[in-house]
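Values reported hereafter were calculated over all heavy atoms of this structure, with side chains retained and with hydrogens, waters and symmetry mates removed.
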Amino acid sequence: MPFNIAIDGLTASGKTSIGYSLAKRLNFKFIDSGLFYRYLAYYNINSTNFNQHTYDNLIDCSNSSAFSSLDISQKASELSKDEEIRTLINQEIKKLTKKKGFVVVGRDVSTNILPDAEFKILLSADFETRLGRRVNQLNEENPQNILYDIITRDIVSKPLINCSKKVSKEINTSDLDSFEVIEKILQIIKKKNSFKNFKRTLDQIENLSTTVITITKDYNYYLELTNWQLNSEVDEDAYVEAFPLLVDRVKFIEDLKNYYEARKNAFFKIERILPKDKDHESFDEIQEWRTTVLQGSKTGAKIALDKSSSAPILYYCPHCNHFRKIKFCKCCKKSINDDFDSESNESVESFESVTLSSITEESQKFRKNKGIFDDVIEKYSSKYISSQSGKVKNEYIFWSDNELRMDDSDNEIII
Ligand SMILES: Nc1ncnc2c1ncn2[C@@H]1O[C@H](COP(=O)(O)OP(=O)(O)O)[C@@H](O)[C@H]1O
Ligand SMILES: Nc1ccn([C@@H]2O[C@H](COP(=O)(O)OP(=O)(O)O)[C@@H](O)[C@H]2O)c(=O)n1
(Lines give C-alpha, C1' and ligand atoms only; values in the text may rest on other atoms or scores of the structure.)
(Ligands and ions follow the chains in the order given, each with its own letter.)
Protein backbone atom coordinates (compact mmCIF):
# COMPACT_ATOMS: atom_id res chain seq x y z
CA MET A 1 0.00 0.00 0.00
CA PRO A 2 1.53 3.36 -0.94
CA PHE A 3 2.00 5.86 1.82
CA ASN A 4 3.71 9.14 2.63
CA ILE A 5 6.12 9.81 5.45
CA ALA A 6 6.31 13.25 7.02
CA ILE A 7 9.43 14.15 8.97
CA ASP A 8 9.58 17.30 11.07
CA GLY A 9 12.37 18.64 13.21
CA LEU A 10 14.32 21.69 14.23
CA THR A 11 17.32 22.79 12.26
CA ALA A 12 20.13 20.19 12.09
CA SER A 13 18.00 17.53 13.74
CA GLY A 14 18.75 15.36 10.72
CA LYS A 15 15.58 15.76 8.65
CA THR A 16 17.29 16.12 5.30
CA SER A 17 20.01 13.50 5.59
CA ILE A 18 17.79 10.95 7.35
CA GLY A 19 14.77 11.66 5.15
CA TYR A 20 16.80 11.30 1.98
CA SER A 21 18.46 8.01 3.01
CA LEU A 22 15.11 6.67 4.17
CA ALA A 23 13.55 7.54 0.82
CA LYS A 24 16.34 5.70 -0.97
CA ARG A 25 15.89 2.64 1.26
CA LEU A 26 12.18 2.53 0.49
CA ASN A 27 12.51 3.51 -3.12
CA PHE A 28 10.45 6.60 -2.37
CA LYS A 29 10.78 10.12 -3.71
CA PHE A 30 12.21 12.78 -1.43
CA ILE A 31 11.09 16.36 -0.89
CA ASP A 32 12.81 18.83 1.41
CA SER A 33 10.28 21.60 1.96
CA GLY A 34 13.10 23.83 3.19
CA LEU A 35 14.60 23.73 -0.29
CA PHE A 36 11.49 25.43 -1.64
CA TYR A 37 12.06 28.30 0.78
CA ARG A 38 15.75 28.38 -0.08
CA TYR A 39 14.89 28.33 -3.76
CA LEU A 40 12.68 31.39 -3.37
CA ALA A 41 15.38 33.05 -1.25
CA TYR A 42 17.97 32.42 -3.94
CA TYR A 43 15.88 34.14 -6.60
CA ASN A 44 15.03 36.91 -4.21
CA ILE A 45 18.69 37.63 -3.44
CA ASN A 46 20.03 37.21 -6.97
CA SER A 47 17.06 38.76 -8.74
CA THR A 48 17.46 36.24 -11.54
CA ASN A 49 14.60 34.83 -13.52
CA PHE A 50 12.65 31.73 -12.60
CA ASN A 51 14.39 28.63 -13.89
CA GLN A 52 12.16 25.63 -14.51
CA HIS A 53 15.11 23.28 -14.71
CA THR A 54 16.38 24.23 -11.26
CA TYR A 55 12.86 24.05 -9.90
CA ASP A 56 12.36 20.50 -11.22
CA ASN A 57 15.56 19.51 -9.48
CA LEU A 58 14.07 20.33 -6.11
CA ILE A 59 12.52 16.87 -6.02
CA ASP A 60 14.82 14.12 -4.83
CA CYS A 61 17.45 16.64 -3.93
CA SER A 62 19.08 16.47 -0.51
CA ASN A 63 21.90 18.87 -0.96
CA SER A 64 21.87 21.76 -3.31
CA SER A 65 25.10 23.68 -2.90
CA ALA A 66 23.59 26.53 -4.88
CA PHE A 67 21.12 27.16 -2.06
CA SER A 68 23.06 26.23 1.04
CA SER A 69 24.91 29.42 1.96
CA LEU A 70 24.15 31.21 5.19
CA ASP A 71 22.72 34.31 3.54
CA ILE A 72 20.24 32.18 1.59
CA SER A 73 19.43 30.35 4.76
CA GLN A 74 18.65 33.61 6.54
CA LYS A 75 16.63 34.95 3.64
CA ALA A 76 14.66 31.68 3.56
CA SER A 77 13.80 32.11 7.23
CA GLU A 78 12.68 35.64 6.55
CA LEU A 79 10.46 34.60 3.64
CA SER A 80 8.99 31.74 5.63
CA LYS A 81 7.27 34.24 7.91
CA ASP A 82 5.06 35.29 5.02
CA GLU A 83 1.80 33.33 5.26
CA GLU A 84 1.13 33.65 1.55
CA ILE A 85 4.46 32.06 0.71
CA ARG A 86 3.87 29.28 3.21
CA THR A 87 0.46 28.52 1.72
CA LEU A 88 1.87 28.51 -1.79
CA ILE A 89 4.66 26.09 -0.93
CA ASN A 90 2.36 23.86 1.08
CA GLN A 91 -0.12 23.61 -1.77
CA GLU A 92 2.62 22.82 -4.24
CA ILE A 93 4.01 19.99 -2.11
CA LYS A 94 0.52 18.64 -1.42
CA LYS A 95 -0.06 18.43 -5.15
CA LEU A 96 3.27 16.76 -5.83
CA THR A 97 2.77 14.08 -3.19
CA LYS A 98 -0.82 13.15 -3.93
CA LYS A 99 0.13 9.84 -5.48
CA LYS A 100 1.98 8.79 -2.30
CA GLY A 101 5.38 7.19 -2.04
CA PHE A 102 7.11 10.35 -0.73
CA VAL A 103 9.27 11.25 2.21
CA VAL A 104 8.72 14.93 2.92
CA VAL A 105 10.79 16.80 5.48
CA GLY A 106 10.47 20.22 7.03
CA ARG A 107 9.30 21.77 10.24
CA ASP A 108 5.54 21.71 9.76
CA VAL A 109 5.08 18.78 7.41
CA SER A 110 3.02 16.65 9.75
CA THR A 111 0.81 19.53 10.82
CA ASN A 112 0.40 21.78 7.80
CA ILE A 113 1.81 20.30 4.64
CA LEU A 114 0.83 16.65 4.92
CA PRO A 115 -1.44 16.24 7.91
CA ASP A 116 -2.78 13.10 6.21
CA ALA A 117 0.60 11.43 5.95
CA GLU A 118 0.38 7.81 7.05
CA PHE A 119 3.58 8.13 9.08
CA LYS A 120 4.60 11.21 11.02
CA ILE A 121 8.01 11.39 12.60
CA LEU A 122 9.54 14.18 14.65
CA LEU A 123 13.32 14.17 14.87
CA SER A 124 14.78 15.93 17.86
CA ALA A 125 18.28 16.43 19.26
CA ASP A 126 19.68 18.64 21.99
CA PHE A 127 20.94 22.08 21.06
CA GLU A 128 24.68 21.32 21.41
CA THR A 129 24.38 18.26 19.20
CA ARG A 130 22.58 20.19 16.52
CA LEU A 131 25.08 23.03 16.68
CA GLY A 132 27.97 20.58 16.43
CA ARG A 133 26.41 18.85 13.43
CA ARG A 134 25.88 22.10 11.60
CA VAL A 135 29.38 23.37 12.32
CA ASN A 136 30.78 20.12 10.91
CA GLN A 137 28.48 20.25 7.93
CA LEU A 138 29.07 23.83 6.83
CA ASN A 139 32.56 25.07 6.35
CA GLU A 140 31.76 28.36 7.92
CA GLU A 141 34.81 30.20 9.18
CA ASN A 142 33.01 31.77 12.06
CA PRO A 143 30.97 29.23 14.10
CA GLN A 144 29.45 32.21 15.92
CA ASN A 145 27.43 32.90 12.79
CA ILE A 146 26.03 29.39 12.82
CA LEU A 147 25.15 29.69 16.48
CA TYR A 148 23.26 32.90 15.82
CA ASP A 149 21.57 31.37 12.76
CA ILE A 150 20.34 28.31 14.64
CA ILE A 151 19.06 30.33 17.58
CA THR A 152 17.06 32.70 15.40
CA ARG A 153 15.59 29.86 13.35
CA ASP A 154 14.73 27.88 16.48
CA ILE A 155 12.76 30.78 17.89
CA VAL A 156 10.50 30.84 14.85
CA SER A 157 10.25 27.08 14.50
CA LYS A 158 9.57 26.05 18.10
CA PRO A 159 5.78 26.63 17.94
CA LEU A 160 5.58 24.56 14.75
CA ILE A 161 7.56 21.77 16.33
CA ASN A 162 5.39 21.86 19.45
CA CYS A 163 2.35 21.27 17.24
CA SER A 164 4.12 18.41 15.52
CA LYS A 165 4.83 16.80 18.90
CA LYS A 166 1.13 16.23 19.34
CA VAL A 167 0.73 14.19 16.18
CA SER A 168 4.11 12.64 15.47
CA LYS A 169 6.24 9.89 16.85
CA GLU A 170 9.28 11.63 18.33
CA ILE A 171 12.76 10.17 17.99
CA ASN A 172 15.53 11.80 19.96
CA THR A 173 18.59 11.43 17.76
CA SER A 174 21.17 12.99 20.12
CA ASP A 175 22.74 9.63 20.94
CA LEU A 176 21.91 7.82 17.73
CA ASP A 177 23.86 7.76 14.51
CA SER A 178 22.05 8.24 11.22
CA PHE A 179 21.86 4.52 10.57
CA GLU A 180 20.18 3.89 13.93
CA VAL A 181 17.65 6.64 13.34
CA ILE A 182 16.67 5.18 9.97
CA GLU A 183 16.34 1.73 11.52
CA LYS A 184 14.01 3.18 14.16
CA ILE A 185 11.79 4.74 11.54
CA LEU A 186 11.71 1.53 9.54
CA GLN A 187 10.71 -0.34 12.69
CA ILE A 188 7.79 2.02 13.20
CA ILE A 189 6.63 1.45 9.63
CA LYS A 190 7.03 -2.30 9.89
CA LYS A 191 5.18 -2.59 13.15
CA LYS A 192 2.25 -0.59 11.95
CA ASN A 193 1.97 -2.65 8.80
CA SER A 194 2.02 -5.89 10.74
CA PHE A 195 -1.16 -4.71 12.41
CA LYS A 196 -2.99 -4.20 9.16
CA ASN A 197 -4.78 -7.51 9.46
CA PHE A 198 -5.97 -6.92 12.98
CA LYS A 199 -7.28 -3.57 12.00
CA ARG A 200 -9.15 -5.12 9.14
CA THR A 201 -10.81 -7.48 11.59
CA LEU A 202 -11.71 -4.51 13.72
CA ASP A 203 -13.25 -2.86 10.69
CA GLN A 204 -15.31 -5.94 10.00
CA ILE A 205 -16.91 -5.85 13.39
CA GLU A 206 -18.02 -2.28 12.93
CA ASN A 207 -21.42 -3.43 11.74
CA LEU A 208 -22.11 -4.75 15.21
CA SER A 209 -22.44 -1.25 16.37
CA THR A 210 -25.63 0.08 14.91
CA THR A 211 -28.55 0.43 17.21
CA VAL A 212 -31.83 2.12 16.56
CA ILE A 213 -33.44 3.74 19.51
CA THR A 214 -36.91 5.11 19.58
CA ILE A 215 -36.98 8.04 21.89
CA THR A 216 -40.42 9.46 21.49
CA LYS A 217 -43.32 8.56 19.30
CA ASP A 218 -42.47 11.50 17.05
CA TYR A 219 -38.85 10.79 16.36
CA ASN A 220 -36.68 7.89 15.49
CA TYR A 221 -33.14 8.53 16.58
CA TYR A 222 -30.51 6.45 14.98
CA LEU A 223 -27.64 5.88 17.23
CA GLU A 224 -24.48 4.43 15.89
CA LEU A 225 -21.72 3.58 18.25
CA THR A 226 -18.96 3.33 15.75
CA ASN A 227 -15.97 3.82 17.92
CA TRP A 228 -14.64 0.53 19.10
CA GLN A 229 -13.07 2.33 22.00
CA LEU A 230 -16.49 3.54 22.96
CA ASN A 231 -16.56 5.38 26.16
CA SER A 232 -19.80 5.04 27.99
CA GLU A 233 -19.73 8.44 29.56
CA VAL A 234 -22.79 10.26 28.41
CA ASP A 235 -23.16 13.85 29.30
CA GLU A 236 -25.82 14.24 31.91
CA ASP A 237 -27.61 17.11 30.25
CA ALA A 238 -27.59 15.48 26.87
CA TYR A 239 -28.90 12.35 28.40
CA VAL A 240 -31.78 14.15 30.01
CA GLU A 241 -32.57 16.03 26.84
CA ALA A 242 -32.29 13.03 24.59
CA PHE A 243 -34.24 10.62 26.70
CA PRO A 244 -36.86 12.55 28.59
CA LEU A 245 -38.86 9.38 29.07
CA LEU A 246 -37.67 6.96 31.66
CA VAL A 247 -38.50 3.96 29.58
CA ASP A 248 -36.26 5.23 26.79
CA ARG A 249 -33.35 5.75 29.11
CA VAL A 250 -33.61 2.22 30.30
CA LYS A 251 -33.83 1.05 26.73
CA PHE A 252 -30.74 3.04 25.86
CA ILE A 253 -28.75 1.49 28.66
CA GLU A 254 -29.97 -1.92 27.56
CA ASP A 255 -28.80 -1.25 24.03
CA LEU A 256 -25.49 -0.02 25.29
CA LYS A 257 -25.13 -3.16 27.30
CA ASN A 258 -25.87 -5.33 24.27
CA TYR A 259 -23.45 -3.31 22.23
CA TYR A 260 -20.68 -3.79 24.75
CA GLU A 261 -21.46 -7.44 24.97
CA ALA A 262 -21.21 -7.83 21.20
CA ARG A 263 -18.03 -5.84 21.15
CA LYS A 264 -16.52 -7.81 23.95
CA ASN A 265 -17.22 -11.06 22.13
CA ALA A 266 -15.76 -9.69 18.94
CA PHE A 267 -12.61 -8.62 20.75
CA PHE A 268 -12.30 -12.04 22.32
CA LYS A 269 -12.52 -13.53 18.87
CA ILE A 270 -9.62 -11.38 17.78
CA GLU A 271 -7.75 -12.25 20.92
CA ARG A 272 -8.02 -15.92 20.05
CA ILE A 273 -6.27 -15.45 16.72
CA LEU A 274 -3.48 -13.20 18.00
CA PRO A 275 -0.11 -14.93 18.16
CA LYS A 276 0.88 -15.83 21.71
CA ASP A 277 4.47 -16.57 20.87
CA LYS A 278 6.82 -14.28 22.79
CA ASP A 279 9.28 -14.30 19.91
CA HIS A 280 6.70 -13.07 17.44
CA GLU A 281 7.82 -9.77 15.90
CA SER A 282 4.61 -8.04 16.98
CA PHE A 283 4.44 -9.56 20.45
CA ASP A 284 5.07 -6.30 22.31
CA GLU A 285 2.40 -4.46 20.41
CA ILE A 286 -0.05 -7.29 20.83
CA GLN A 287 0.57 -7.23 24.57
CA GLU A 288 -0.09 -3.51 24.55
CA TRP A 289 -3.28 -4.12 22.63
CA ARG A 290 -4.34 -6.70 25.20
CA THR A 291 -3.82 -4.42 28.14
CA THR A 292 -5.34 -1.34 26.60
CA VAL A 293 -7.95 -2.02 23.96
CA LEU A 294 -9.09 -5.38 25.18
CA GLN A 295 -9.04 -4.32 28.79
CA GLY A 296 -10.95 -1.19 27.87
CA SER A 297 -13.55 -3.20 26.09
CA LYS A 298 -13.98 -5.51 29.04
CA THR A 299 -14.37 -2.54 31.31
CA GLY A 300 -17.02 -1.19 29.01
CA ALA A 301 -18.95 -4.39 29.20
CA LYS A 302 -18.62 -4.41 32.94
CA ILE A 303 -20.00 -0.93 33.31
CA ALA A 304 -23.14 -1.74 31.47
CA LEU A 305 -23.67 -5.02 33.26
CA ASP A 306 -22.95 -3.68 36.67
CA LYS A 307 -26.28 -3.01 38.27
CA SER A 308 -25.01 -2.12 41.71
CA SER A 309 -25.86 1.48 42.10
CA SER A 310 -25.11 4.25 44.47
CA ALA A 311 -27.50 7.11 45.08
CA PRO A 312 -29.51 8.28 42.11
CA ILE A 313 -28.05 11.32 40.49
CA LEU A 314 -31.24 12.37 38.77
CA TYR A 315 -34.63 12.87 40.29
CA TYR A 316 -37.78 11.89 38.56
CA CYS A 317 -40.78 14.18 38.55
CA PRO A 318 -43.92 12.10 38.02
CA HIS A 319 -46.00 15.18 37.20
CA CYS A 320 -44.17 16.19 34.08
CA ASN A 321 -42.27 12.97 33.48
CA HIS A 322 -38.88 14.70 33.48
CA PHE A 323 -35.61 14.04 35.24
CA ARG A 324 -33.96 16.78 37.23
CA LYS A 325 -30.52 17.10 38.65
CA ILE A 326 -31.81 18.62 41.86
CA LYS A 327 -34.87 17.76 43.86
CA PHE A 328 -36.77 20.58 42.32
CA CYS A 329 -38.77 20.49 39.15
CA LYS A 330 -38.40 23.63 37.05
CA CYS A 331 -41.60 23.25 35.07
CA CYS A 332 -43.83 22.20 37.96
CA LYS A 333 -42.09 24.67 40.28
CA LYS A 334 -42.25 22.08 43.03
CA SER A 335 -39.94 20.02 45.13
CA ILE A 336 -39.72 16.48 43.98
CA ASN A 337 -41.16 14.21 46.58
CA ASP A 338 -38.57 12.01 48.24
CA ASP A 339 -41.11 9.30 48.72
CA PHE A 340 -41.61 8.86 45.06
CA ASP A 341 -38.34 6.98 44.57
CA SER A 342 -39.25 4.41 47.13
CA GLU A 343 -42.60 3.68 45.54
CA SER A 344 -42.33 0.45 43.70
CA ASN A 345 -41.87 1.77 40.25
CA GLU A 346 -40.04 -0.79 38.18
CA SER A 347 -38.65 1.54 35.59
CA VAL A 348 -37.29 4.09 38.01
CA GLU A 349 -35.41 1.41 39.83
CA SER A 350 -33.91 -0.06 36.76
CA PHE A 351 -32.82 3.35 35.65
CA GLU A 352 -31.33 4.30 38.94
CA SER A 353 -29.41 1.11 39.06
CA VAL A 354 -27.21 2.39 36.28
CA THR A 355 -26.20 5.73 37.64
CA LEU A 356 -24.35 8.14 35.49
CA SER A 357 -21.80 8.77 38.19
CA SER A 358 -20.73 5.15 38.24
CA ILE A 359 -20.47 5.16 34.48
CA THR A 360 -18.36 8.27 34.52
CA GLU A 361 -16.00 6.87 37.08
CA GLU A 362 -15.43 3.67 35.18
CA SER A 363 -15.11 5.36 31.86
CA GLN A 364 -12.43 7.65 33.18
CA LYS A 365 -10.37 4.63 34.05
CA PHE A 366 -11.07 3.36 30.59
CA ARG A 367 -10.05 6.59 28.97
CA LYS A 368 -6.65 6.57 30.62
CA ASN A 369 -5.86 3.58 28.49
CA LYS A 370 -6.09 5.53 25.29
CA GLY A 371 -2.94 6.20 23.36
CA ILE A 372 -2.47 3.01 21.46
CA PHE A 373 -3.62 2.97 17.86
CA ASP A 374 -3.69 6.72 17.86
CA ASP A 375 -3.89 6.64 14.11
CA VAL A 376 -7.11 4.65 14.25
CA ILE A 377 -8.55 6.91 16.87
CA GLU A 378 -7.59 9.87 14.77
CA LYS A 379 -9.30 8.33 11.77
CA TYR A 380 -12.50 7.78 13.65
CA SER A 381 -12.49 10.92 15.66
CA SER A 382 -12.37 12.97 12.50
CA LYS A 383 -15.84 11.63 11.84
CA TYR A 384 -17.17 12.86 15.10
CA ILE A 385 -18.37 16.29 15.82
CA SER A 386 -16.17 17.97 18.28
CA SER A 387 -18.21 19.04 21.21
CA GLN A 388 -18.21 18.47 24.90
CA SER A 389 -21.38 20.37 25.54
CA GLY A 390 -23.92 17.62 25.46
CA LYS A 391 -26.66 20.13 24.75
CA VAL A 392 -29.31 19.91 22.13
CA LYS A 393 -28.42 22.26 19.34
CA ASN A 394 -31.05 22.61 16.66
CA GLU A 395 -31.83 19.08 15.68
CA TYR A 396 -28.44 17.69 16.71
CA ILE A 397 -27.55 16.23 19.99
CA PHE A 398 -23.89 16.28 20.77
CA TRP A 399 -22.60 13.73 23.15
CA SER A 400 -19.62 14.09 25.34
CA ASP A 401 -16.31 12.50 24.44
CA ASN A 402 -16.84 13.10 20.75
CA GLU A 403 -17.83 9.54 20.37
CA LEU A 404 -21.53 9.56 19.82
CA ARG A 405 -23.59 11.76 17.68
CA MET A 406 -27.26 11.56 17.10
CA ASP A 407 -29.27 13.23 14.46
CA ASP A 408 -32.89 13.14 13.43
CA SER A 409 -32.59 15.44 10.46
CA ASP A 410 -32.98 12.85 7.76
CA ASN A 411 -32.97 9.59 9.63
CA GLU A 412 -29.53 8.82 8.45
CA ILE A 413 -26.68 7.39 10.40
CA ILE A 414 -24.27 10.23 10.75
CA ILE A 415 -21.03 8.93 12.14
N1 LIG B 1 21.90 11.02 13.87
C2 LIG B 1 22.90 11.70 13.37
N3 LIG B 1 24.14 11.47 13.81
C4 LIG B 1 25.19 12.18 13.35
N5 LIG B 1 25.10 13.13 12.39
C6 LIG B 1 23.89 13.39 11.92
C7 LIG B 1 22.71 12.71 12.37
N8 LIG B 1 21.65 13.19 11.71
C9 LIG B 1 22.13 14.15 10.89
N10 LIG B 1 23.46 14.26 10.99
C11 LIG B 1 24.31 15.21 10.29
O12 LIG B 1 24.00 16.50 10.80
C13 LIG B 1 24.01 17.46 9.76
C14 LIG B 1 22.67 18.18 9.71
O15 LIG B 1 21.67 17.27 9.26
P16 LIG B 1 20.55 17.69 8.24
O17 LIG B 1 19.97 16.42 7.72
O18 LIG B 1 21.07 18.68 7.27
O19 LIG B 1 19.55 18.40 9.25
P20 LIG B 1 18.24 19.27 8.95
O21 LIG B 1 17.77 18.91 7.59
O22 LIG B 1 17.28 18.83 10.02
O23 LIG B 1 18.62 20.69 9.10
C24 LIG B 1 24.34 16.71 8.49
O25 LIG B 1 25.72 16.88 8.22
C26 LIG B 1 24.03 15.27 8.81
O27 LIG B 1 24.83 14.37 8.08
N1 LIG C 1 8.51 23.35 6.23
C2 LIG C 1 9.38 24.38 6.31
C3 LIG C 1 10.68 24.25 5.83
C4 LIG C 1 11.53 25.30 5.91
N5 LIG C 1 11.12 26.48 6.44
C6 LIG C 1 11.98 27.67 6.46
O7 LIG C 1 12.99 27.58 5.47
C8 LIG C 1 14.28 27.64 6.05
C9 LIG C 1 15.25 26.76 5.30
O10 LIG C 1 14.84 25.41 5.35
P11 LIG C 1 15.83 24.26 5.86
O12 LIG C 1 15.08 22.96 5.80
O13 LIG C 1 17.09 24.32 5.14
O14 LIG C 1 16.02 24.73 7.34
P15 LIG C 1 16.36 24.03 8.68
O16 LIG C 1 15.26 23.10 9.03
O17 LIG C 1 17.66 23.35 8.50
O18 LIG C 1 16.39 25.21 9.59
C19 LIG C 1 14.07 27.24 7.48
O20 LIG C 1 15.03 27.75 8.35
C21 LIG C 1 12.70 27.81 7.78
O22 LIG C 1 12.77 29.16 8.12
C23 LIG C 1 9.84 26.58 6.95
O24 LIG C 1 9.49 27.62 7.47
N25 LIG C 1 9.00 25.54 6.88
Side-chain angles (χ1 to χ4, degrees), residues 1-38 58-64 68 73 93 97 100-138 146 149-150 153-154 157-158 160-195 281-282 284-285 288 371-372 374-375:
M1 189 195 72
F3 52 85
N4 283 333
I5 304 170
I7 303 182
D8 289 328
L10 287 171
T11 214
S13 56
K15 302 179 295 290
T16 315
S17 49
I18 303 286
Y20 184 74
S21 306
L22 180 70
K24 293 302 114 192
R25 282 277 290 270
L26 294 169
N27 212 6
F28 274 31
K29 292 219 169 290
F30 173 74
I31 290 183
D32 177 0
S33 57
L35 258 190
F36 286 69
Y37 290 90
R38 287 173 180 270
L58 294 184
I59 295 182
D60 256 343
C61 173
S62 68
N63 176 20
S64 173
S68 63
S73 193
I93 297 176
T97 54
K100 311 269 179 189
F102 282 81
V103 176
V104 184
V105 306
R107 47 189 60 197
D108 62 341
V109 187
S110 56
T111 47
N112 290 331
I113 308 181
L114 293 184
D116 296 337
E118 284 73 8
F119 295 93
K120 297 170 187 170
I121 309 287
L122 173 62
L123 297 182
S124 60
D126 53 50
F127 185 80
E128 293 78 7
T129 308
R130 293 190 289 119
L131 179 63
R133 284 179 188 168
R134 198 54 108 215
V135 169
N136 283 339
Q137 185 186 28
L138 300 176
I146 295 182
D149 184 57
I150 294 189
R153 286 202 271 165
D154 272 8
S157 309
K158 278 266 162 69
L160 293 172
I161 294 302
N162 285 341
C163 292
S164 171
K165 272 189 186 172
K166 293 182 191 146
V167 294
S168 306
K169 181 102 184 153
E170 185 169 357
I171 301 176
N172 188 331
T173 71
S174 301
D175 299 320
L176 302 175
D177 63 28
S178 304
F179 179 77
E180 289 169 321
V181 179
I182 293 168
E183 277 308 310
K184 277 212 163 206
I185 300 176
L186 288 172
Q187 280 284 324
I188 292 169
I189 296 170
K190 214 165 108 190
K191 272 192 176 178
K192 193 159 157 183
N193 282 343
S194 70
F195 261 81
E281 56 166 18
S282 301
D284 287 349
E285 260 183 288
E288 217 179 331
I372 188 171
D374 278 340
D375 54 319

Distance (rounded to the nearest 0.5 Å) between [X] [atom1] and [Y] [atom2]:
{"X": "K184", "Y": "I171", "atom1": "NZ", "atom2": "CD1", "result": "6.5 Å"}
{"X": "T16", "Y": "Q137", "atom1": "OG1", "atom2": "CD", "result": "7.5 Å"}
{"X": "S178", "Y": "E183", "atom1": "OG", "atom2": "CD", "result": "12.0 Å"}
{"X": "E170", "Y": "I161", "atom1": "CD", "atom2": "CD1", "result": "9.0 Å"}
{"X": "L35", "Y": "L58", "atom1": "CG", "atom2": "CG", "result": "5.5 Å"}
{"X": "L160", "Y": "K158", "atom1": "CG", "atom2": "NZ", "result": "12.0 Å"}

Practice task
State, with a plain yes or no, whether a side-chain heavy atom of L26 is found less than 4.5 Å away from one of I5.
Solution key: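 With C-beta onward as the side chain, the pair touches.
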Handout entry: Min side-chain heavy-atom separation D149-R134 under 4.5 Å
Key =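 Heavy-atom side-chain distance check fails, nothing below 4.5 Å.
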Exercise for the section: Apply the test side chain to side chain contact (heavy atoms under 4.5 Å, CB included) to residues F119 and I185: give CA-CA distance (whole Å), side-chain angles for both, the deciding distance (0.1 Å), then the verdict. Expected result: CA-CA 9 Å; F119 295 93; I185 300 176; over 6 Å; no
Non-hydrogen atoms of [X] and [Y] that approach each other most closely:
{"X": "G19", "Y": "V105", "value": "CA-CG1, 4.0 Å"}
{"X": "K15", "Y": "I7", "value": "CD-O, 4.2 Å"}
{"X": "F28", "Y": "F102", "value": "CD2-N, 3.5 Å"}
{"X": "S62", "Y": "F30", "value": "CA-CE2, 4.0 Å"}
{"X": "R25", "Y": "F179", "value": "NH1-CE1, 4.2 Å"}
{"X": "K120", "Y": "L114", "value": "CE-O, 4.2 Å"}

Exercise for the section: Taking only Lys NZ, Arg NE, NH1 and NH2, and the carboxylate oxygens of Asp or Glu, determine whether D32 and R38 approach each other closer than 4.0 Å. Expected result: no
Exercise for the section: Apply side chain to side chain contact (heavy atoms under 4.5 Å, CB included) to L22 and I121, showing your working. Expected result: CA-CA 12 Å; L22 180 70; I121 309 287; over 6 Å; no
Handout entry: Under 3.5 Å donor-acceptor, R130 side chain and A12 backbone
Key = no
Practice task
Say whether, by atom type as modelled, one donor and one acceptor occur between the side chain of S110 and the main chain of S164 under 3.5 angstrom.
Solution key: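 Not at all, since once roles are kept as given, no pair shorter than 3.5 Å links the two residues.
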Determine whether more than 12 heavy atoms belonging to other residues, nucleotides or ligands lie under 6.0 Å from atom [atom1] of [X].
{"X": "D175", "atom1": "CG", "value": "no"}
{"X": "D177", "atom1": "CG", "value": "yes"}
{"X": "K100", "atom1": "NZ", "value": "yes"}

Exercise for the section: Check the side chains of S17 and R133 for a donor-acceptor pair under 3.5 angstrom, ignoring hydrogens and angles. Expected result: no
Practice task
Report yes or no: do T111 and D108 form a side-chain donor-acceptor pair below 3.5 Å?
Solution key: no
Exercise for the section: Test T97 against every option in D116, V109, I59, N4 by the side chain to side chain contact (heavy atoms under 4.5 Å, CB included) rule and name the one that passes. Expected result: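 Going through D116, V109, I59, N4 one by one, the side chain to side chain contact (heavy atoms under 4.5 Å, CB included) with T97 is satisfied by N4 alone.
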